[in-house]
2 protein chains.
Amino acid sequence: MKSTIRDVAVMAGVSISTVSRVMNAPNSVVKHKREKVLEAIKALQYKPNGLARGLIYKKTNTLGVIIPDIQNPYYAGVIRGMEDASKALGYSIMICNTDRDEKRLFSYMQNLNEKRVDGILYTSDVVYPDFYEEIEAYRIPLVLVATHSLEYELPSVKINDEAAAYDAVKYLISLGHTSIGMISFELTDEIAGLPRYEGFQRALREYELEACVQQVAFAKHWHDDAYYAAERLLQQYPDITAIFTTSDEFAMGVLSYMHEKGIRVPEQMSVIGFDNIRMAQFTIPKLSTIAQPVYNMGYRAVEKLNALIKGEPDSTLREYLPHELIVRSSTGPQAARS
Amino acid sequence: MKSTIRDVAVMAGVSISTVSRVMNAPNSVVKHKREKVLEAIKALQYKPNGLARGLIYKKTNTLGVIIPDIQNPYYAGVIRGMEDASKALGYSIMICNTDRDEKRLFSYMQNLNEKRVDGILYTSDVVYPDFYEEIEAYRIPLVLVATHSLEYELPSVKINDEAAAYDAVKYLISLGHTSIGMISFELTDEIAGLPRYEGFQRALREYELEACVQQVAFAKHWHDDAYYAAERLLQQYPDITAIFTTSDEFAMGVLSYMHEKGIRVPEQMSVIGFDNIRMAQFTIPKLSTIAQPVYNMGYRAVEKLNALIKGEPDSTLREYLPHELIVRSSTGPQAARS
DNA sequence: AATTCCTTTGAAAAGCTTTTCGTGCACATT
DNA sequence: AATGTGCACGAAAAGCTTTTCAAAGGAATT
């Protein structure tokens with residue numbers, strides 16, 4: 001059995017209150033008793049029980065993190081940022097991986113609520129009405145990460161996806177490409193899908209390449225999907241010389257496809273990714289991409305959540321962090337294929 | 001403020017005990033009261049406070065997971081296994097990322113102890129004496145994952161690293177390679193370092209290739225290290241035609257180096273990795289590797305920890321799960337380099 | 001009709017800590 | 001010497017739930 005404050009009190013020959021004071025306001029206890037108590041604490045390996053403490057303080061110094069797919073390397077960076085910020089602000093974090101399954105999501109929400117976490121970080125997914133109702137009911141502070149909601153008044157931290165996609169495509173155009181394709185998440189995805197497609201469209205329109213607007217193939221969240229999407233895309237539009245993908249994993253699937261078909265990157269085909277995951281520097285060729293400040297997003301989200309919990313004022317409700325174009329070797333000037 | 005059991009009791013016009021009974025032993029309450037209570041629970045959105053519960057039951061249904069590097073994709077698979085098993089057994093998990101920093105490790109240990117987690121899963125790192133003392137003092141059940149300790153009596157789940165390395169090298173030998181190199185973790189790493197090097201040695205000795213035994217370059221945990229290690233290795237031993245690396249990340253660094261130097265894989269150089277991370281199927285060329293059953297290791301570790309917590313009997317203390325040789329396209333028959 | 005037994009319920013304790021309140025004592029002040 | 005001030009410390013309440021114990025009431029048995 002673990003020792004309790006009572007055990008310490010008995011051993012040190014003082015009351016429970018005195019032991020508590022030694023830990024929380026040491027100066028209010030005379031020296032010789034204080035030392036006795038500290039000795040007893042050491043001897044018994046006493047550590048205060050966080051549950052009892054949480055019950056009194058009505059807070060647990062714990063944050064819940066909801067993630068759709070922990071195997072996606074994108075989140076590793078976000079989590080690191082969250083972790084470092086949590087550590088700095090005195091929280092620990094509890095990670096819940098939903099696998100994009102609504103049942104799991106709600107089961108985890110209930111769990112976090114029962115555990116009385118001080119706040120929740122919700123990443124990437126769209127905020128559905130029934131989910132919003134749930135968090136409203138729980139009254140737990142919540143910050144959206146890499147997603148936002150225009151419908152509800154929820155604080156969020158993300159990049160400007162539309163602008164980022166625009167920049168990626170504009171860069172391809174600046175290299176001279178005139179037939180550009182896209183491998184995109186489904187447009188029903190209001191975060192990583194539609195806005196990036198809109199950015200793609202805007203860049204094309206701006207440079208009078210409207211013809212390309214329909215050169216899109218859709219994929220789910222895996223390399224394999226992107227591989228086959230690339231296949232479909234090139235079969236339908238064989239003139240394409242550059243592809244904008246909405247994730248680095250997609251880009252890797254595309255690189256894989258090109259390699260197998262003997263299409264050289266970047267000589268015959270430029271490929272640009274999105275996210276700048278750690279692997280992106282080690283693909284062959286190294287991947288040009290749009291960097292999301294994942295670490296900072298995670299870090300900032302925790303700071304924002306902390307402000308919310310403490311009731312401190314915070315900057316804008318919906319916060320947008322800057323993205324960055326990273327040019328490596330998977331993109332190059334336009335040149336006729338074959 | 002969140003509603004408490006008392007609020008429910010008042011609203012339903014019964015005592016606290018009755019409300020508790022409705023939740024934990026519904027049949028012991030007469031129907032009309034039960035229904036009133038259920039109504040009140042719904043109306044007030046009442047959810048029992050896990051802290052108070054934990055205080056009584058002396059358990060929190062939470063497991064702590066200690067991970068050295070969450071950005072390493074290897075752990076994503078392990079975590080998924082842990083997650084699924086936890087869900088099945090009624091636990092939630094709390095992930096702590098130590099970044100291989102001892103201070104962080106101890107700070108997290110203390111935190112998990114205060115939070116009164118029911119058990120701890122400790123991955124990958126060697127069990128140092130002062131760490132062992134700490135967990136002994138806490139008396140929290142613990143299972144080692146992807147690591148073990150021969151010195152201490154700690155339950156563990158991992159593969160047989162020596163045998164796995166042996167199999168990888170033997171496979172290279174079977175392809176006809178006679179000058180084989182290795183990119184290894186430091187030999188001070190008692191888990192992923194030394195045993196795999198011993199497997200490398202054993203295979204070479206068995207096939208009378210002792211000369212290769214010293215063809216090793218060491219790297220830390222990142223692609224970059226492996227890139228430079230490959231450079232050093234080939235400068236020193238230019239005859240090498242096959243390289244065994246102790247992680248897929250290393251292998252990717254090596255592939256990157258070969259690509260840059262114009263050395264074709266697998267025609268001029270075979271490369272075999274270790275772990276079979278998700279990315280391994282999408283490198284160029286696709287990576288041959290030793291698959292660790294990461295998901296199963298995570299899953300099994302939680303089952304084992306659960307048995308320990310519940311005091312149920314469990315199979316052997318140190319458990320070894322089977323690895324598997326995965327042949328893709330980064331390995332091929334020996335052929336002279338240029 | 002009296003006793004026993006069972007069902008249903010509420011009061012209270014326990015689990016561990018923090019904090020408020022009040023007491024007792026030492027010292028200072030007049 | 002008597003009153004006042006302040007410090008150190010212990011008792012007890014509070015935080016929320018579960019569970020034990022006891023009581024009350026009704027049904028069943030003799």
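Everything numeric here is computed off the predicted structure, so don't read it as measured data. In what follows, chains carry the letters A, B, and so on, assigned in the order in which the sequence lines appear, proteins first and then strands, with residues in each chain numbered from 1. Values below: every heavy atom of this structure, side chains too, minus hydrogens, waters and symmetry copies.
Counting to the nearest Å, the C1' atom of C:dT18 and the CD1 atom of A:I56 are 4 Å from each other. One atom, CG of B:L44, and another, P of D:dC16, lie 14 Å apart when rounded to the nearest Å. Straight-line distance from the CZ atom of B:R6 to the C1' atom of C:dA12: 12 Å, rounded to whole Å. Summarising the geometry, the separation between NZ on A:K33 and P on D:dG10 is reported as 5 Å, rounded to the nearest angstrom. With rounding to whole Å, A:R116 atom CZ is found 14 Å from D:dG15 atom P. Distance CG (B:N24) to C1' (D:dT18): 7 Å, rounded to an integer number of Å. One interatomic measurement links the two molecules: CD1 of A:I5 to P of C:dC16, which rounds to 11 Å at whole-angstrom precision. Atom NE2 of B:H32 is separated from atom C1' of C:dT7 by 14 Å (rounded to the nearest Å).
Comparing C:dA11, C:dG15, C:dT19 against the side chain of A:Y57 picks out C:dT19 as the nearest. Minimum atom distance to the side chain of A:I16 is reached by C:dT18, of the listed C:dT18, C:dT8, C:dG15. Of the candidates C:dG15, C:dT9, C:dT19, C:dT19 carries the atom nearest the A:S17 side chain, counting heavy atoms from C-beta on.
Put simply, A:N49 has no side-chain N or O that comes within less than 4.0 Å of OP1 or OP2 on C:dT17. Regarding contacts with the backbone of D:dA11, every side-chain N or O of A:S15 stays at 4.0 angstrom or more from both OP1 and OP2. Side-chain N/O atoms of B:K58 include none lying less than 4.0 angstrom from OP1 or OP2 on C:dA14. Distances shorter than 4.0 Å separate some side-chain N or O of A:S20 from OP1 or OP2 on C:dT18. Between D:dT18 and B:R53, a contact under 4.0 Å exists linking OP1 or OP2 to a side-chain N or O.
A:R116 contributes a side-chain N or O that, together with a main-chain N or O of A:N113, makes up a donor-acceptor pair within less than 3.5 Å.
Remark: A:K87 is positioned above the aromatic ring of B:Y108, its terminal NZ or CZ atom under 6.0 angstrom from the ring centre and at most 45 degrees off the axis.
Heavy atoms of B:L51 sit nowhere under 4.0 angstrom from any nucleic acid atom.
A salt bridge links B:R300 with B:D314; the closest basic N to acidic carboxylate O contact falls under 4.0 Å. The residues A:D118 and A:K310 are annotated as not salt-bridged, no charged nitrogen and carboxylate oxygen being separated by less than 4.0 angstrom.
In this model, a side-chain donor or acceptor of B:R21 finds a partner on the base of C:dG10 within 3.5 Å. Between the side chain of A:T18 and the base of D:dA8, no donor-acceptor pair under 3.5 Å is found.
Under the 4.5 Å side-chain criterion, counting only non-hydrogen atoms from C-beta, A:D99 is in contact with A:N97.
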